[in-house]
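These notes are about the structure you will find just below.
Letters go in sequence order (proteins before strands), and every chain restarts at 1.
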Amino acid sequence: MATPTTTGAPYDATPVATPAPFDPAAERGLLVVLPHPDDETFSSGGTMARCADAGVPVTYLCGTYGDMGRRMGRPAFANRESLRDIRERELTEACAVLGAEARMLGLRDKCVEFEDPVEIAERVRAVIEELDPSTVIAFYPGFAVHADHDALGLIAQLAVRSLPAGRRPRLLAVAVGDQEANRAALGEPDVLSDISGTVDRKIEALRAHRSQTEAMFVKWDEDIEDEQGKAFRDRLLGGEKFYLLDPHHVTDYERNRP
Amino acid sequence: MHPIDRDAVQAELDRRRDQPVYLHLETTTGSYTALGPEKKPPVIAFVRNAQVTYARGVVTGPGPYRVGLKLQDGWVYADGLTDFVVSERDELLLAGHDPDGHLTVALQLSMRPFREA
Ligand SMILES: [Zn+2]
């Protein structure tokens, strides 16, 4: 997690007291670019389903197969070698629930930050050019806890940046982890998506990612979560929040990359 | 995977001895430890598809188990192993799991390279 600073300025530097609502009717297409099968559901599953309901094409460009994850189901039913195919099937099922098409970049889990970001960004740009989405959702570089999240967040930002001005989709960035620290560094999120109408499908998609979420659902179903777990659940099932990220804004993460 | 049967694992180690084999060795705390109550940074390491040849490979311990492979110029070592399986691709997969079923350590041997993404 990056040290909170004030340099992560939102797209519009004017402080916004109330975030703007996410309006699927205003969208032409939604492209979600995140590294792991399940990132899409956790971060924006409700918003993806809202877009699909409104007839907006939704695509999930998934960076890796999550093949290096340590969650194997509870009780464990996957192993290091079977996890790749299991997670690919889980993703297919979750995307069917959310009304999205899944595409894979095929990178090695945990190794995204060691790839050449410009090379991967060109592949992401090609997908943006093909699908011409009005909005791209990615992780906020430096505010996404997992090294793959930060790395693919920057790659998505570079991809949008590399497009000619009139062809750039809006970039909505997801910050995860310590909400207080994120708010201190980035301010209030700019966009809030009300997912009350699609939260059931978000939960169904979470359950589809069985190998990754079974342990969590055991605790939910038996209502034996700790304080932190409860707060996480509330956040997960509440509105989905996004920062407008200027494609040209150079984050601390980008400045400090090798 | 099944709980480790030492005799069965020993036989699988012996079967792969004295020839170049592909190794996957890994240990992981998971990437999200910083979000836990102790805010610890993650500790993760893996080697995938390094080739090794061992003259002697032994599984030991009362469970969790340890495996040591004696190479010509060094060693491969893992502790905390609880489960094993021989995959459809004839890979010997050994792993340790915590009470939540999360993988904590893995030591895997295969005559062919392990699949890449
Ligand atoms: Zn992830």
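- Ranked by heavy-atom pairs shorter than 4.5 Å toward chain B, the options A:M104, A:E214, A:Q228, A:R74 are led by A:R74.
- In the displayed structure, B:K40 atom NZ is contacted under 6.0 Å by at most 12 heavy atoms of other residues, nucleotides or ligands.
- Atom NZ of A:K110 has more than 12 neighbouring heavy atoms from other residues, nucleotides or ligands inside a 6.0 Å radius.
- Side-chain contact between B:T104 and A:R70 is absent, with no heavy-atom pair separated by less than 4.5 Å.
- Within residues 53-85 of chain B, the residues that have a heavy atom under 4.5 Å from a heavy atom of chain A are B:V85, listed by number.
- The CZ atom of A:R80 lies 11.5 Å from the CZ atom of B:F114; values are rounded to the nearest 0.5 Å.
- Against chain A, the residues from residues 90-102 of chain B that qualify, each with a non-hydrogen atom under 4.5 angstrom away, are B:E91, B:L93, B:H97, B:D98, B:P99, B:D100, B:G101, B:H102 in number order.
- The distance from the CE atom of B:M1 to the CZ atom of A:F77 is 14.0 Å, given to the nearest 0.5 Å.
- Scanning for salt bridge (charged side-chain N to carboxylate O under 4.0 Å, His left out) contacts around B:D14 gives B:R17, with sequence neighbours left out.
- A salt bridge does not link B:R48 with A:D67: every distance from a Lys NZ or Arg NE/NH1/NH2 to an Asp or Glu carboxylate oxygen is 4.0 Å or more.
- Options A:M72, A:R71, A:E81 differ in how many heavy-atom pairs under 4.5 Å they form with chain B, and the most are formed by A:E81.
- Residues of residues 18-32 of chain B that come within less than 4.5 angstrom of chain A, heavy atom to heavy atom, are B:H24, B:E26, B:T28, B:T29, B:G30, B:S31, B:Y32 in numerical order.
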